[in-house]
Amino acid sequence: MITIRQEEKNDYKEVFEVVEKSFAALHTDGTEQFLVEKLRKSDAFIPELSLVALVGEKIVGHILFTKVKVGETTQLGLAPLAVLPEYQNQGVGSALIKEGHRIAKELGYDYSILIGHETYYPRFGYVPAKAFGITVSFEVNDENFMAYSLSGTDKMLNGMLVYPKEFGI
């Protein structure tokens with residue numbers, strides 16, 4: 001059974017290891033765990049949207065949504081989503097995303113935006129961000145740059161996504 005709850009300070013070391021291990025086999029720069037640490041200390045951090053997944057007492061996954069800007073609006077950026085390799089394909093990531101979306105909607109956010117795998121995120125309703133008029137200042141494939149309407153509206157944002165400085169973009 002998977003339990004989802006808000007991350008606590010005493011989870012930080014275990015979350016660091018979960019993020020590090022989950023990205024080790026992927027084609028990334030391997031610094032996602034350090035990004036999480038930086039974002040926790042930033043103005044973009046939203047404690048209610050830093051969630052952990054537990055199986056028993058063990059943290060097996062983590063998701064983080066932080067504030068991003070699109071034009072004059074504040075939206076959410078989903079990054080990173082991490083699940084220990086031995087717990088992948090067992091619903092952990094799905095549970096984290098769904099609970100994150102539920103909380104984000106309760107908090108009044110309109111959109112969640114991400115750069116991610118083109119076959120994974122669409123199952124949760126993510127579509128190319130350009131459908132909402134969201135652009136970026138760097139090169140990324142449309143199918144990997146996605147947004148999800150938390151409120152269910154099709155309101156056009158027509159603006160450029162600006163990540164917090166901690167992303168180094």
Peer 1: If you apply the rule side chain to side chain contact (heavy atoms under 4.5 Å, CB included), what do you find for Leu81 with Tyr121, and how did you get there?
Peer 2: CA-CA 11 Å; Leu81 168 62; Tyr121 292 98; 3.6 Å; yes
Peer 1: I would like to know whether Phe167 and Thr66 meet side chain to side chain contact (heavy atoms under 4.5 Å, CB included); could you show each step before the answer?
Peer 2: CA-CA 11 Å; Phe167 278 87; Thr66 53; 4.1 Å; yes
Peer 1: Applying salt bridge (charged side-chain N to carboxylate O under 4.0 Å, His left out), run through Asp110 and Lys155 and close with a yes or a no.
Peer 2: CA-CA 9 Å; Asp110 293 322; Lys155 179 175 76 174; 3.2 Å; yes
Peer 1: Among Leu76, Leu157, Val68, whose side chain to side chain contact (heavy atoms under 4.5 Å, CB included) with Tyr111 holds?
Peer 2: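 The side chain to side chain contact (heavy atoms under 4.5 Å, CB included) with Tyr111 is passed solely by Leu157 among Leu76, Leu157, Val68.
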Peer 1: Are any non-hydrogen side-chain atoms of Phe45 and Leu64 less than 4.5 angstrom apart?
Peer 2: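 A side-chain contact under 4.5 Å exists here.
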Peer 1: Is there a path of hydrophobic side-chain contacts, each under 4.5 Å between heavy atoms of I, L, V, M, F, W or Y residues, that connects Phe16 with Leu35?
Peer 2: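 No, it is not one cluster - the side chains of Phe16 and Leu35 are not joined through contacts under 4.5 Å.
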Peer 1: To the nearest 0.5 Å, tell me how far Leu161 CG sits from Gln75 CD.
Peer 2: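 Spacing of CG (Leu161) from CD (Gln75) equals 9.5 Å.
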Peer 1: Quick check against the 3.5 Å criterion: does Ser94 have a side-chain atom that pairs as donor or acceptor with the backbone of Gly91?
Peer 2: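 Not a single qualifying donor-acceptor pair exists.
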Peer 1: What about Val162 and Tyr109, same hydrophobic cluster or not, with Ile/Leu/Val/Met/Phe/Trp/Tyr joined at side-chain heavy-atom distances under 4.5 Å?
Peer 2: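 No, because Val162 and Tyr109 fall into different hydrophobic clusters, even though each may have its own neighbours under 4.5 Å.
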Peer 1: Would Lys41 and Glu37 pass as an ion pair if we require N to O under 4.0 Å?
Peer 2: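 No, no charged N to carboxylate O under 4.0 Å.
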Peer 1: With the 4.5 Å side-chain cut-off for hydrophobic clustering, are Leu150 and Leu107 part of the same group?
Peer 2: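 Both belong to a single hydrophobic cluster.
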Peer 1: Can you tell if the side chain of Ile103 reaches within under 4.5 Å of the side chain of Leu49, non-hydrogen atoms only?
Peer 2: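 SC-SC contact between Ile103 and Leu49 confirmed.
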Peer 1: Which heavy atom of Val18 sits nearest to which heavy atom of Ala82, and what is that distance?
Peer 2: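 Looking at all heavy atoms of both residues, the shortest contact is CG1-O, 4.2 Å.
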Peer 1: Looking only at heavy atoms, what is the nearest atom pair of Ser149 and Gly152, with distance?
Peer 2: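 Nearest heavy atoms, Ser149 then Gly152: OG-N, 3.0 Å.
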Peer 1: Look at the side chain of Glu14 and the backbone N and O of Ile59, then say whether any donor-acceptor pair between them is shorter than 3.5 Å.
Peer 2: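 Yes.
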Peer 1: Any pair with a residue in residues 54-90 that passes ring-ring contact (aromatic ring centres under 6.0 Å, His included), sequence neighbours left out, goes on the list, sorted by first then second residue, please.
Peer 2: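 Listed once each, the pairs would be none.
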Peer 1: Mind checking the OH-CD1 spacing from Tyr120 to Ile97? Nearest 0.5 Å is all I need.
Peer 2: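 Atom-to-atom, Tyr120:OH and Ile97:CD1 are 4.0 Å apart.
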Peer 1: Would you say the side chain of Tyr12 lies within less than 4.5 Å of the side chain of Arg40, judging by non-hydrogen atoms?
Peer 2: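 Yes, at least one pair of side-chain atoms sits under 4.5 Å.
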Peer 1: Looking only at heavy atoms, what is the nearest atom pair of Ala147 and Ile134, with distance?
Peer 2: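 That would be CB-CD1, 3.9 Å.
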Peer 1: Does the ring centre of Tyr148 sit less than 6.0 Å away from the ring centre of His101?
Peer 2: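 Here the rings of Tyr148 and His101 have centres that are less than 6.0 Å from each other.
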Peer 1: According to a 4.5 Å side-chain heavy-atom criterion applied to Ile, Leu, Val, Met, Phe, Trp and Tyr, with indirect links allowed, do Val15 and Ile4 form part of one hydrophobic cluster?
Peer 2: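 Yes, it is one cluster - the side chains of Val15 and Ile4 are joined through contacts under 4.5 Å.
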Peer 1: Identify the residue among Ile115, Leu96, Ile63 that makes a side chain to side chain contact (heavy atoms under 4.5 Å, CB included) with Leu78.
Peer 2: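 Result for side chain to side chain contact (heavy atoms under 4.5 Å, CB included) with Leu78: Ile63.
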Peer 1: So, Asn144 side chain and Gly116 main chain: donor-acceptor pair closer than 3.5 Å or not?
Peer 2: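 Looks like yes, one N/O pair under 3.5 Å.
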Peer 1: Please give me the minimum heavy-atom distance between Val19 and Pro80, naming the atom from each residue.
Peer 2: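 For Val19 and Pro80, the tightest heavy-atom pair comes out as CG1-CG, 4.4 Å.
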Peer 1: Tyr163, Phe34: one ILVMFWY side-chain cluster at the under-4.5 Å cut-off?
Peer 2: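 They do not share one cluster, since no chain of ILVMFWY contacts under 4.5 Å joins Tyr163 to Phe34.
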Peer 1: Answer yes or no: are there more than 12 heavy-atom neighbours, outside Asn89 itself, under 6.0 Å from its atom CG?
Peer 2: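 Open: at most 12 neighbouring heavy atoms sit under 6.0 Å from CG of Asn89.
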Peer 1: With Lys58, which residues qualify under salt bridge (Lys or Arg N to Asp or Glu O under 4.0 Å), at least two apart?
Peer 2: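 Expected list: Glu86.
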Peer 1: Do Arg5 and Asp11 sit within salt-bridge range, that is, some charged N less than 4.0 Å from a carboxylate O?
Peer 2: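 Result for this pair is yes, salt bridge flagged.
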Peer 1: To the nearest 0.5 Å, what is the distance between CE on Met146 and OG on Ser112?
Peer 2: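 Met146 atom CE to Ser112 atom OG measures 10.5 Å (nearest 0.5 Å).
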Peer 1: Of all the heavy-atom pairs spanning Pro85 and Ser22, show the shortest one and how long it is.
Peer 2: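 Heavy-atom minimum between the residues: CD-CA, 4.1 Å.
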Peer 1: Without swapping roles, check the side chain of Ser50 against the backbone of Pro47 for a donor-acceptor pair under 3.5 Å.
Peer 2: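 No, the answer is negative, given that no donor and acceptor are paired below the 3.5 Å cut-off.
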Peer 1: Please lay out, stage by stage, how Glu106 and Arg102 fare under the test salt bridge (charged side-chain N to carboxylate O under 4.0 Å, His left out).
Peer 2: CA-CA 6 Å; Glu106 276 184 9; Arg102 185 191 69 74; 2.6 Å; yes
Peer 1: Starting at OG1 of Thr135, measure out to CZ of Phe145 and round the result to the nearest 0.5 Å.
Peer 2: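 Those atoms lie 7.0 Å apart.
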Peer 1: I'd like to check the salt bridge (Lys or Arg N to Asp or Glu O under 4.0 Å) partners of Glu48; sequence neighbours left out, ordered by chain and number.
Peer 2: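 Once residues adjacent in sequence are excluded, Glu48 has no partner under the salt bridge (Lys or Arg N to Asp or Glu O under 4.0 Å) criterion.
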Peer 1: Find the distance between CE (Met160) and CZ (Phe138) and round it off to the nearest 0.5 Å.
Peer 2: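 So the CE of Met160 and the CZ of Phe138 are separated by 9.5 Å.
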Peer 1: Hey, what do you get for CG (Leu51) to CD (Gln6), rounding to the nearest 0.5 Å?
Peer 2: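 CD of Gln6 is found 7.5 Å from CG of Leu51.
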Peer 1: Does a donor on one side chain sit under 3.5 Å from an acceptor on the other, for Ser151 and Lys105?
Peer 2: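 Looking only at side-chain atoms, Lys105 and Ser151 do not form any donor-acceptor pair under 3.5 Å.
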